[in-house]
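First up is the structure itself, then whatever we jot down about it.
Numbering starts at 1 and runs along the sequence shown.
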Amino acid sequence: MKLFQLTAFGMGAALLNRLVPRQYRWILLLLVSLGFYSVRSLVGLPFILIATLSTWGASMWIDRIGQKGKLTKEQRQTLSQAEQKAHRNQVRHRKNLVVGGTLVLDFLMLGIFKYADQVLGLVGVSPLGFLLPLGISFYTFQAAGYLFDVSGGKIKPERNLFRYALFVCFF
């Protein structure tokens, strides 16, 4: 995208932002952000959607693990300190498995797009010619940070998928 096109895109988005009622502006921002990422190529759009859906789903799963893993007052009174600690470790381990699996998926996509052609070139195979999706590193790391915050209990997961998508892909 050339500077003139980028400026026109930004100015158009700013104008639309002023025209749309305040309660719907986040929807406009989501659409504009997805439009921005798809300007270079629509091929990259599925990958931002996969990263968004996988991390949102994982955050919901992590939250469910945490909710199911809470001990009741009665359980805390009957279990020893060691048993309570073992239970907390088991819950943390399940959360870490979800985080790890999701990060493998997301970073695998990032690695394939960023490095597959270079690796193939090193081993003498002709490159695949992938067009790197715009912002793939940004939204991959944005989503990873979010997962760490949710699994660590720093933030509650966003229940609204579209608001979460805005968080991930807001340019």
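Minimum heavy-atom separation, V98 to T102: O-OG1, 2.9 Å. The two atoms that bring S54 and D106 nearest to each other are OG-OD1, 3.0 Å, heavy atoms only. The minimum heavy-atom distance between V150 and I62, with the atom names listed, is CG1-CG2, 4.1 Å. The two residues M60 and E158 come nearest to each other via the heavy atoms CE-O, 3.1 Å. Residue Y146 comes nearest to S59 through the heavy atom pair CE2-CB, 3.6 Å, listed as atom of the first residue, atom of the second, then distance.
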Derivation and outcome, side chain to side chain contact (heavy atoms under 4.5 Å, CB included), residues I50 and L105: CA-CA 9 Å; I50 290 169; L105 171 67; 4.3 Å; yes
Derivation and outcome, side chain to side chain contact (heavy atoms under 4.5 Å, CB included), residues Q81 and K85: CA-CA 6 Å; Q81 290 288 334; K85 184 177 180 180; over 6 Å; no
Working for side-chain hydrogen bond (donor to acceptor under 3.5 Å, both in side chains), residues N96 and S151: CA-CA 8 Å; N96 288 341; S151 70; 5.0 Å; no
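Partners of Y24 under the side chain to side chain contact (heavy atoms under 4.5 Å, CB included) rule, at least two apart in sequence or in another chain, are V20, P21, I27.
Shown here is E74, whose CD atom has no more than 12 heavy atoms of other residues, nucleotides or ligands within 6.0 Å.
In the hydrophobic clustering of this structure, L29 groups with L16; members are Ile, Leu, Val, Met, Phe, Trp, Tyr whose side-chain heavy atoms approach within less than 4.5 Å, directly or through other members. Placement of V119 and I112 in two distinct hydrophobic clusters is found when ILVMFWY residues are connected by side-chain heavy-atom separations under 4.5 Å, directly or transitively.
Remark: R159 engages D63 in a salt bridge, criterion side-chain N to carboxylate O under 4.0 Å.
Judged purely by atom type and a 3.5 angstrom limit, W56 has no side-chain atom pairing as donor or acceptor with the backbone of A51. At least one donor-acceptor pair under 3.5 Å links the side chain of E83 to the backbone N or O of S80. For the pair R76 (side chain) and L71 (backbone), a donor-acceptor distance under 3.5 Å is present.
Residues V91 and R94 are in side-chain contact: their nearest non-hydrogen atoms beyond the backbone lie under 4.5 Å apart.
F141 and F107 have their aromatic ring centers within a separation under 6.0 angstrom.
Distance CG/L147 to CD1/I155: 9.0 Å, rounded to 0.5 Å. Taking CZ from R64 and NZ from K95, the interatomic distance works out to 13.0 Å, rounded to the nearest 0.5 Å. Atom CZ of F113 and atom CZ of F47 lie 3.5 Å apart (nearest 0.5 Å). To the nearest 0.5 Å, atoms OG (S137) and CG (L110) are separated by 4.5 Å. Note: F4 CZ to L6 CG = 11.5 Å, rounded to the nearest 0.5 Å. For the atom pair CZ (F36) and SG (C169), the distance works out to 11.0 Å, reported to the nearest 0.5 Å.
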Distance-only donor-acceptor hits, side chain of residues 160-168, under 3.5 Å, sequence neighbours excluded:
{"residue": "N160", "atom": "OD1", "partner": "F162", "partner atom": "N", "Å": "2.9"}
{"residue": "N160", "atom": "OD1", "partner": "R163", "partner atom": "N", "Å": "3.2"}
{"residue": "Y164", "atom": "OH", "partner": "T55", "partner atom": "OG1", "Å": "2.5"}

